[in-house]
Amino acid sequence: MDPSIAPASRAAAVTPNDSAIVGARALYIGTAGDVAIAPRRDVDPVIFKSVPAGTILPVHAAIVALTGTTASNIIALF
C-alpha cells in the first residue's frame, strides 16, 4: 500500500510547543479548543478554531504550537 494513504500505525501524546518537531500525519483532538499547526517548520502556524472533541484533523503537523492552542489531550498519528 502507498504509505501516503496508509492508515496510521503509531500514535503519541502531543504537548504543544512552539518549536518542537512533531511530524504527525494527522492529529486526534481529545478536548475541544483551538489548535495551532505549522505544516512545515519554516511556515507560520495556522489556527484551526473551535475544533470539537473527538475530531481527527487529517493535516501534516510538523509543529503543534503552544501559542494559539487551547485544545488538549492531543494525539499525533504517524
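Below, all heavy atoms of this structure are taken into account, side chains as well, without hydrogens, waters or symmetry copies.
In this structure, the side chain of Arg25 engages the main chain of Ala6 through a donor-acceptor pair within 3.5 Å.
Taking the side chain to side chain contact (heavy atoms under 4.5 Å, CB included) definition, one finds that Ala11 meets it with Ile75, Leu77, sequence neighbours left out.
For the residue pair Ala12 and Phe78, the shortest heavy atom distance occurs at CB-CE1, 3.9 Å. Considering every non-hydrogen atom in both Pro16 and Val14, the closest pair reads CD-O, 3.6 Å.
For residues 62-75, there are no salt bridge (Lys or Arg N to Asp or Glu O under 4.0 Å) pairs, not counting sequence neighbours. Residue pairs meeting the side-chain hydrogen bond (donor to acceptor under 3.5 Å, both in side chains) criterion with at least one partner in residues 41-51, sequence neighbours excluded, are Asp34-Lys49, Arg40-Asp42. Each side-chain hydrogen bond (donor to acceptor under 3.5 Å, both in side chains) pair with one or both residues in residues 7-16, not counting sequence neighbours, would appear here, but there are none.
Through ILVMFWY side-chain contacts below 4.5 Å, Ile47 is grouped with nothing and stands alone.
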Could you go through residues 51-67 and list every donor-acceptor pair under 3.5 Å that involves a side-chain atom there, pairing it with any protein atom two or more places apart or in another chain?
residue: Thr55; atom: OG1; partner: Pro52; partner atom: O; Å: 2.8
residue: His60; atom: ND1; partner: Ala24; partner atom: O; Å: 3.1
residue: Thr67; atom: OG1; partner: Asp18; partner atom: OD1; Å: 3.3
residue: Thr67; atom: OG1; partner: Asp18; partner atom: OD2; Å: 2.7

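Residue Phe48 is tested with Ile29, Ile37, Thr69, Leu27 for a side-chain contact (heavy atoms from CB on, under 4.5 Å); the sole match is Ile37.
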